[in-house]
> 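Please see the structure below; I have some questions.
Keep in mind it's a predicted model, so treat the numbers as computed, not measured. Order of listing sets the numbers, starting from 1, for every ligand and every atom in it.
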Amino acid sequence: MVFKEILNQEFLKSIESEYIFDNAPINRFIKNKENGGTDEKLAELKSKIKSIKDCELKKFAKNIVFSDGNPNSQIMLVGEGPGEKEDAHGKPFVGDAGILLNKMLNAIKIKRENIYITNVVNYRPPNNRKPEISEINRYSGFLREHISIINPKILILMGSTAMESIFGQKLKISKERGKWKETIINQKTFLTILTFHPAYLLRQPDQKKFSWEDLKNIRKKIDELKIKT
Ligand code: URA
């Protein structure tokens, strides 16, 4: 390659141009990784979870339930695990708890499709039982990697299972909900809030008033951080 061509290539690399201008009729487009490799990293994580061995959850589940929403969002929400409908559709929060979650998000002017949603465990626990602590711990590595990939400005943990996955069993959600915490995951700090899970609110509607306080608190933070919702 002549010196001038090398210089041109260096220049194109330095401005991260998506196009090469030369005389060739084809191959003018250099395919850049669309969102900093997020899609590729998510696909890798999903296939890593799919290859999990000796898992009582995976054994009985129909589908992996990996995530829903916008992987480029600055808001990430974590639930517990798929129920029957989620297992059937391969998508989180599409059953009754999902209907309530959508209402909760609407109430603070968040469009569900603008945030990123996942669960602690990615396969439905048989009979919708709570995941066992060993299962929570096993999937916690995946969840932490998931959070690192999405790299949200706000992390919303819904319910005690999500809380246990990130903070262990030492906390009580009734005490800790609604407080902003700084969570370190893979050497990065994430602004995190714990709040009640919508399935719990369906069982205990008298707790909705606390949930509403948390939602308003989340909205306030979104506005402070100028996050698009
Ligand atoms: N409950 C959850 O925690 N996640 C879902 O996806 C559905 C119900």
Side-chain angles (χ1 to χ4, degrees), residues 42 45-46 49-50 52 55-58 60-71 73 75-107 110-147 149-150 152 154-169 171-174 176-177 192-205 207-208 210-211 214-215 218:
L42 289 174
L45 175 62
K46 189 173 178 180
I49 298 172
K50 272 183 161 177
I52 195 168
C55 172
E56 281 299 300
L57 308 180
K58 181 181 166 184
F60 296 104
K62 291 196 180 87
N63 284 302
I64 185 169
V65 177
F66 186 66
S67 68
D68 190 30
N70 177 6
S73 179
I75 303 172
M76 181 169 183
L77 185 149
V78 181
E80 177 177 294
E84 191 179 5
K85 284 217 171 111
E86 289 78 17
D87 183 35
H89 289 89
K91 202 169 148 177
F93 284 104
V94 290
D96 290 344
I99 292 169
L100 180 56
L101 174 64
N102 295 346
K103 288 182 185 163
M104 291 160 74
L105 295 173
N106 276 338
I110 294 179
K111 287 199 186 117
R112 176 181 165 131
E113 63 269 25
N114 286 345
I115 66 167
Y116 188 82
I117 301 175
T118 190
N119 282 311
V120 169
V121 295
N122 306 95
Y123 290 103
R124 180 192 179 199
N127 303 315
N128 295 348
R129 65 164 169 77
K130 181 176 156 70
E132 287 170 8
I133 193 66
S134 59
E135 292 162 341
I136 295 174
N137 290 341
R138 191 172 185 196
Y139 278 83
S140 174
F142 298 132
L143 178 60
R144 285 164 191 274
E145 191 177 336
H146 213 153
I147 294 167
I149 296 170
I150 299 301
I154 292 180
L155 178 63
I156 303 168
L157 301 179
M158 288 191 138
S160 59
T161 303
M163 180 187 74
E164 285 169 19
S165 176
I166 298 299
F167 296 108
Q169 287 181 295
L171 304 181
K172 268 195 137 345
I173 190 147
S174 52
E176 303 296 333
R177 51 144 281 273
T192 307
I193 192 162
L194 298 168
T195 190
F196 289 140
H197 191 289
Y200 171 74
L201 296 173
L202 288 172
R203 295 192 303 271
Q204 305 282 340
Q207 300 295 300
K208 282 184 181 171
F210 300 115
S211 172
D214 300 347
L215 289 170
I218 292 169

> Could you check His89, Arg124, Lys62 and say which one makes a side-chain contact (heavy atoms from CB on, under 4.5 Å) with Glu84?
Arg124
> Is the closest side-chain donor-acceptor distance between Tyr116 and His146 under 3.5 Å?
yes
> Which of the atoms of ligand 1 are close to Gly79, meaning less than 4.0 Å from one of its heavy atoms?
3 (O)
> Hey, is Glu164 close enough to Lys130 for a salt bridge, meaning N to O under 4.0 Å?
yes
> Has His197 got any heavy atom lying under 4.0 angstrom from an atom of ligand 1?
yes
> Atom 4 (N) of ligand 1: which protein heavy atom is closest, and how many Å away?
Asn119 OD1, 2.8 Å
> Report, in ascending order of atom number, the atoms of ligand 1 lying under 4.0 Å from any heavy atom of Pro92.
6 (O)
> Taking non-hydrogen atoms only, is Glu80 closer than 4.0 angstrom to ligand 1 via side chain, backbone, both or neither?
both
> Quick test of your reading of the model: are Glu135 and Arg129 salt-bridged, counting only N-O distances below 4.0 Å?
yes
> Can Arg138 and Ser134 be counted as having a side-chain donor-acceptor contact under 3.5 angstrom?
no
> Quick test of your reading of the structure: of Gly95, Gly81, Ala97, whose heavy atom lies closest to atom 2 (C) of ligand 1?
Gly81
